[in-house]
There are 2 protein chains.
Amino acid sequence: MTSTARIRRMTIQTRRERERAERERLIVNAARELAEAEGWDAVTTRRLAAEIEYSQPVLYSHFKGKGAIMAAVAVQGCADLAAELRAARTAARGTRESLAAVARTYTSFARRRPALYDAMFTHLVDLPFATPEAPPALWDAFDQLRLVVEPIAAEGDDTGLLTETFWAALHGLATLTRSGRLPEDGHERRLDLLVRHFTGE
Amino acid sequence: MTSTARIRRMTIQTRRERERAERERLIVNAARELAEAEGWDAVTTRRLAAEIEYSQPVLYSHFKGKGAIMAAVAVQGCADLAAELRAARTAARGTRESLAAVARTYTSFARRRPALYDAMFTHLVDLPFATPEAPPALWDAFDQLRLVVEPIAAEGDDTGLLTETFWAALHGLATLTRSGRLPEDGHERRLDLLVRHFTGE
DNA sequence: CTCTCGTATCTAGCGCTGCTAGCGAGGAGA
DNA sequence: TCTCCTCGCTAGCAGCGCTAGATACGAGAG
């Protein structure tokens, strides 16, 4: 094997890897767009394959199954959510106002992008969560919450646990409202009640 | 048509209606048991039909579809939950203790009977919720929450909204913990944090 | 007692789903 | 130039929710 041969093989390989990565991006994007447009029920492996103009089995050479594709979409969603939360946090001034702004942004995200939100926090289980192996984007999103919860922690409170509790409350409001279990009506006032109780009136 | 004929026909009809109601009970029970034992994915119309020893289409003469069967199971679940919450509430003494007891019971119910809980509060949409048409058992369960939340409402607070907010927080804790998004570990302490913040320290 | 009719139930099948085995083309390397 | 290996394809499996059409059975009339 000559050195030129080795080099050529490597460049060909890298091109192929690049194309492959590009196609993977295509799959995840198509899945996200289809889910956001028509819901996850509409995201079938056949439609997804048609969308990316490849045959069905190609999907399985990239992902273990539909669940893994949803997981990839969910990770993208975490990055989006983290970005929105960061923007809301840095734009707000004051402890209470920051908490309220982040809370509003969180539930607004869940309402505006329900398919994405469901992939992240309702469906899917095969994504590591409360461990170091969890995707960085997920930790980033959680940290945005932590940063606004931290100032309201009382002496001796575990900030992580308090953040988790606050997160759970937001998650509950988001999911129950979106599924029609809570009327859309009082949403703002419920958020206000939550923030008031967590900031200690 | 003689009067005896009319009477006979009525008794036959009532017997048939009784048998039909009995079979409906059988379906709902089988669905609940199968779901609790193996999860809702295992509850297929075929398995359900086999379980009750009738053919598939019989299910559709009782319910509009699988969703309607899940709804029926969910209503049963509401009654169970309401009973547990009532027991916890009446057994507890003191404002804070009642709230804590009901909160513990609620999340414990979700953990012990996940399939039932999901049918009630995660899956399903074709069950009326925040309206007068909602099943009485559902209102009953909600009222058990309301009764322990009422004492902690501040002047001018809408008790209903406050209850909804507290409920959402419990729901968030229950679902996130059960799906592995929150570690089982800090659950007790998260509950405590929630109760403390809602009772105003 | 017999015949007819309506109802209740079953068999069979439709159009999907996620997923996979196995074939064939086409490029890499000797 | 020949061989081999990788890649994507066609075709198909088992199972899903749901339904159309056939059938058996029991009630009521003559």
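- B:Trp167 has its side chain within reach of B:Phe121: a pair of non-hydrogen atoms, C-beta onward, lies under 4.5 Å apart.
- Contact annotation for B:Arg47: no contact, since no heavy-atom pair falls under 4.0 Å across all strands.
- Each of A:Gln56 and A:Ser61 lies near DNA chain D, and the nucleotide nearest A:Ser61 is the one positioned closer to the 5' end.
- For B:Tyr54 and C:dA8, the OH to C1' distance is 10 Å, given to the nearest whole Å.
- Counting to the nearest Å, the C1' atom of D:dG17 and the CH2 atom of B:Trp40 are 15 Å from each other.
- In summary, the aromatic rings of A:Tyr106 and A:Tyr117 are positioned with their centroids under 6.0 Å apart.
- Although no hydrogens or angles enter the test, the distance criterion places no donor-acceptor pair under 3.5 Å between the side chain of A:Asp143 and the main chain of A:Arg146.
- Contact check for B:Arg190 versus B:Thr177: side-chain heavy atoms found under the 4.5 Å cut-off.
- Listed for the B:Thr175 side chain is a donor-acceptor partner under 3.5 Å among the backbone atoms of B:Gly172.
- When rounded to the nearest whole Å, the span between CG of A:Leu59 and P of D:dC9 equals 10 Å.
- For the contact set between residues 62-70 of chain A and DNA chain C, defined by any heavy atom under 4.0 Å, the members are A:Gly65, A:Lys66.
- Using bins of under 30°, 30° to 60° and over 60° for the plane-to-plane angle, the ring pair A:Phe198/A:Phe166 lands in the perpendicular bin.
- For the pair A:Arg46 and C:dC16, the criterion of a side-chain N or O lying under 4.0 Å from OP1 or OP2 is not met.
- Rounded to whole angstrom, the span from the CG atom of B:Asp41 across to the P atom of D:dC16 amounts to 10 Å.
- Residue contacts for A:Thr44: at a heavy-atom cut-off of 4.0 Å it reaches the sugar-phosphate backbone alone, with no base atom in range.
- For the atom pair CD (A:Glu164) and CG (B:Leu173), the distance works out to 9.5 Å, reported to the nearest 0.5 Å.
- Dashed line: the shortest gap from a side-chain N or O of A:Tyr60 to OP1 or OP2 of C:dC19 is under 4.0 Å.
- Closest contact between the side chain of B:Ser55 and the listed nucleotides D:dG8, C:dA21, C:dT11 involves C:dT11.
- Within the 4.0 Å cut-off from OP1 or OP2 of D:dG17, at least one side-chain nitrogen or oxygen of B:Thr45 is found.
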